[in-house]
Amino acid sequence: MIFIAVRFDVRPEHSDNWLTLVDEFTRATRNEPGNLFYDWSRSVDDPNKYTLLEAFTDAEAGAAHVASDHFKAGMETLAGAIADTPEIIHVEVPGQGWSAMAELSPRNN
């Protein structure tokens, strides 16, 4: 699986509507056949920072994502809302998604 983490420094005037701004791009990506997950989170320390965690089944699915029309449109939209070049981690890892954490499980109260 291809795992990607991207940190975005968003312009303050776009921080509160970021998820609305990326909604169409997010939905289109989640509907791609090779997408495993595509999840946004907002920093608890800095309201202008968002992190995207995404995964694709393989390199071909990742390449199809980058070649898609919605990716190109999304990059155009995001370019007008970011304050700096995003930081990225892009790695190939074994498996096809999330695994259960061995060290923690719910306690029966």
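Numbers for residues simply follow the sequence, beginning at 1.
- F56 and I89 fall into different hydrophobic clusters, defined by Ile, Leu, Val, Met, Phe, Trp and Tyr side-chain heavy atoms under 4.5 Å apart, directly or through other members.
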- Message: Could you go through T57 and Q96, starting from their C-alpha distance and side-chain angles, then the distance that decides it, and tell me whether this counts as side-chain contact (heavy atoms from CB on, under 4.5 Å)?
- Response: CA-CA 6 Å; T57 53; Q96 286 297 302; 3.4 Å; yes
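- The closest side-chain heavy-atom distance from E32 to S68 is below 4.5 Å.
- Relative ring orientation between F25 and H70 is described as tilted, the plane-to-plane angle lying within the 30° to 60° band.
- Across all non-hydrogen atoms, the minimal contact from G34 to A61 is CA-CB, 3.7 Å.
- Between the side chain of R11 and the backbone N or O of I82 there is at least one donor-acceptor pair closer than 3.5 Å.
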- Let me see the working for W18 and L78 under side-chain contact (heavy atoms from CB on, under 4.5 Å), right down to the final yes or no. CA-CA 9 Å; W18 180 257; L78 297 181; 3.3 Å; yes
- Stepwise side-chain contact (heavy atoms from CB on, under 4.5 Å) test for V6 and E87: CA-CA 6 Å; V6 187; E87 299 174 299; over 6 Å; no
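- F8 and V44 end up in different hydrophobic clusters when Ile, Leu, Val, Met, Phe, Trp and Tyr side chains are linked at under 4.5 Å.
- Scanning both residues, H14 and G80, for their nearest heavy atoms gives NE2-O, 3.7 Å.
- Sequence neighbours left out, the pairs with a member in residues 89-109 that pass ring pair (Phe, Tyr, Trp, His ring centres under 6.0 Å) are F37-W98.
- Under a hydrophobic-cluster definition in which Ile, Leu, Val, Met, Phe, Trp and Tyr are linked whenever side-chain heavy atoms come within less than 4.5 Å, directly or via other members, I88 and L53 are assigned to different clusters.
- Under the 4.5 Å side-chain heavy-atom criterion for ILVMFWY residues, no single connected hydrophobic cluster contains both L52 and L36.
- Side chains of R42 and Y50: a donor on one and an acceptor on the other come within 3.5 Å.
- Side-chain atoms of E54 do not come within 3.5 Å of backbone N or O of D39 as any donor-acceptor pair.
- Looking at N35 and T29, their side chains never bring a donor and an acceptor atom within 3.5 Å of each other.
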- Task: Please step through side chain to side chain donor-acceptor pair (under 3.5 Å) for the pair T51 and W40, ending with a clear verdict.
- Result: CA-CA 6 Å; T51 299; W40 291 98; over 6 Å; no
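- Between the side chain of N17 and the main chain of T20, no donor-acceptor pair closer than 3.5 Å is present.
- In terms of modelled atom types and a separation under 3.5 Å, the side chain of R30 and the main chain of Y38 share a donor-acceptor contact.
- M75 and V66 fall within a single hydrophobic cluster, where Ile, Leu, Val, Met, Phe, Trp and Tyr are joined by side-chain heavy atoms under 4.5 Å apart, directly or via other members.
- Within a 6.0 Å sphere centred on CD of E76, other residues, nucleotides and ligands contribute 12 heavy atoms or fewer.
- Minimum heavy-atom separation, S43 to D46: OG-N, 3.0 Å.
- Between atom CE of residue M101 and atom OG of residue S99 there is a gap of 12.0 Å, rounded to the nearest 0.5 Å.
- The backbone N or O of R27 sits less than 3.5 Å from a side-chain atom of N31, completing a donor-acceptor pair.
- The structure places CG of D9 at 10.0 Å from OG1 of T85, a figure rounded to the nearest 0.5 Å.
- Residue L21 holds its CG atom at 12.5 Å from CG of D16, rounded to the nearest 0.5 Å.
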